[in-house]
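Residue numbering restarts at 1 for every chain, and letters A, B, ... go by the order of the sequence lines. Note that these values count all heavy atoms, side chains included, but never hydrogens, waters or copies made by symmetry. This is a predicted model, so every value here is computed, not measured.
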Amino acid sequence: MATLQKCGSLDRLCYDVGGRMIGTSVLHQPYILSPPEGQPQTTELNLSLKLKEQECLLLLRRCKNMEELKQAHAQVLKWGFHQSPYCASNLLTVCALSNWGSMDYARNIFRQIYEPGTYEFNTMFRGYVRDFKMESALFLYCEMSERGIEPNKFTYPVLLKACARLSALEEGMQLHAHGIKLGFEDDLFVQNSLINMYGKCGKIEASSAVFEHMDQRDIASWSGITAAHNSLGMWRECLNLYMDMASEGLCRAEESTFVTALSACSHLGALDYGRIVHGSLLRNISELNVIVQTSLIDMYIKCDCIDKGICLFERMVEKNQLSYGVMISGLAMHGRNREALRVFSELLEEGLEVDDVIYVGVLSACSHAGLVDEGHHYFSRMKFEHGIEPTIQHYGCMVDLMGRAGRLTEALDLIRSMPIEPNDVIWRTLVSACKVHQNLEIGEIAAKSLKQLNSDNPSDYVILSNMYAEAGKWENVARIRTEWHYKTSTQTPGFSLVEVKRKVYKFVSQDMSHANFQDIYEMIHQMEWQLKFEGYSPDTSQVLVNVDEEEKKQILKAHSQKLAIAFALIKTSQGAPIRISRNLRMCNDCHTYTKFISVIYQREITVRERNLFHHFKDGACSCRDYW
DNA sequence: GGAACACTGT
């Protein structure tokens, strides 16, 4: 049998006309096949060896599963070609990258390769990343550096992807530096990967810097930069980027870019934009895939077009778990809880997998609808029938479910028996329920636990102080107010978004930053008269500033939601619906105010509050004042 | 041989 030898000298190769060189490009080292001992190196022998090697390659490439591969591997070993760089590399690629391959097997082969080069390392990186073994990939890169093997331009994208998935900023930055040193910073794929890596690590400035410095951008560059903004909650920026891309006309958008843009529309409640994206989707993509369709449904639902969402959902030929998930939580958001549960049973009938997210939707539908027994039923079914361990979110839903129904002791027992540490959301849910049901005893327990978590949420103090006020415990109210004052600086700024003529405007409380803020305040002033005439009186109980009553009223008047409504009234035609989206729960006064506006100006006003829609029409709200 | 996408409780 022939053996493989490393051939150090090119001279020898030149002399050895019949002997052949294998894989110089791969290993940067020439190799020859030597004849069995005592036999001369003849052209015939080399030809037959070459043919044999080809046979090995074919054998490896034909494999369709691990069993076949193992057999082929055994044959290659028998023929003595396992050291041939071609054969070894092919074997490695098949193991690491085929759908049925095994990375463990690949690792063994890799270890047996005489001198693995950049190509073999890259193959291993790709295999590891594909198998979500990011640490292993980065670890192997260290070995590569120690061995002094030069990475090439294919090395960086895959490793940057590993960093992106791990949110490993430090490693990512190191790779960036190495890439620059080796002169790969101008490679399009490296740049795209950098955009993505920095985005996933939350370093949007770094991500944008790479994007800005690119000479040419392709669709992936745009895709990456929009996704980076989207995942960090910078939805307006994301949409602006999408529009830039569309208007530049240099790239034809692909499905992924549409999906990102639609996600931004969902979060912003930007229906007009959503429609534009839908339009270009129909123009550019002939057949919409499941992901795009699901995103469209999600967008319509979150932009208050629930019926359009349902219509698209029903027309879908192929639905997956996520499509159902979007529909279930969407229906729950709009208070159509029975329908949500019906869709859930359809999902089960379809025989699709159920996951924890779907159950969050199901349980929240039960809690909104006050279906206590059903909620308990689904909760235990989730654990015992589907083997899903409840997460903090499921417990949150259960606490909400029992809390709304006034079963406060049960809710507290559940929190105490939870195998997970309760978070601030859980306690806050219970505090709110205690306030509604005026249970001071449990309320105090919950409030104490909430305070221990130091979550700096100003609304906690409002609920607490209101709870004490209703019970007439004024010393406690005073104490809470002082404590609150101390925390003022750390509160999250609330904002309202409103879409007017395809542009999304953001308002914060007391906002003076808009170009036409004077018109807006003038409008607020006019509205005040109308409101007074209709019998509205401001409710300052939730104004969280320690000032006198008159000043409180002034502050109340310029809450972000009111500014957004005033702006929309000025800028839209009579009777047009107004859609507002906010990051925080609205205060009682804004709720009452909006009800009055809906009747005075004859407008339908929808306010989206995180995951709940308030639909104001003719002076009433769809939540029936309980939210 | 390389990059990118959707759903989560107050």
With sugar-phosphate meaning primed atoms plus P, OP1 and OP2, does A/L188 contact a base, only sugar-phosphate, or nothing at under 4.0 Å between heavy atoms? nothing

Using a 5.5 Å cut-off between ring centres and planes within 30 degrees, is A/F154 stacked on the base of B/dG2? no

Scan A/Q191 against the nucleic acid and name what it touches under 4.0 Å (heavy atoms): base, sugar-phosphate only, or nothing. nothing

Among B/dT10, B/dG1, B/dG2, find the nucleotide with the atom closest to the side chain of A/V190. B/dG2

With distance as the sole test, does A/E389 use its side chain to make a donor-acceptor pair with the main-chain N or O of A/K383 at under 3.5 Å? no

Distance check needed: B/dA6 P versus A/M327 CE, whole Å only. 20 Å

How is A/N289 classified with respect to the nucleic acid when contacts are heavy atoms under 4.0 Å: base, sugar-phosphate, or nothing? nothing

A/D187 near the nucleic acid: base, sugar-phosphate alone, or nothing, with a heavy-atom cut-off under 4.0 Å? base

Nearest-neighbour nucleotide for the A/S263 side chain, B/dA6, B/dG2, B/dG9 considered: B/dA6

Which part of the nucleic acid does A/V357 contact within heavy-atom distance under 4.0 Å: base, sugar-phosphate only, or nothing? base

Sugar-phosphate, base or nothing in reach of A/S295, heavy atoms under 4.0 Å: sugar-phosphate

So, is the end of the A/K153 side chain (NZ or CZ) under 6.0 Å from the ring centre of A/F184 and within 45° of the ring's axis? no

Taking the six-membered ring of A/F211 as reference, does the cationic atom of A/R217 (NZ for Lys, CZ for Arg) lie under 6.0 Å from its centre and within 45° of its axis? yes

Looking for any heavy atom pair under 4.0 Å, which part of the strands does A/S432 touch: base, sugar-phosphate only, or nothing? nothing

Does the ring of A/F313 carry A/K319 above it, NZ/CZ under 6.0 angstrom from centre and within 45° of its axis? yes

Mind checking A/N122 for me? I need base, sugar-phosphate or nothing, with any heavy atom below 4.0 Å counting as a touch. base

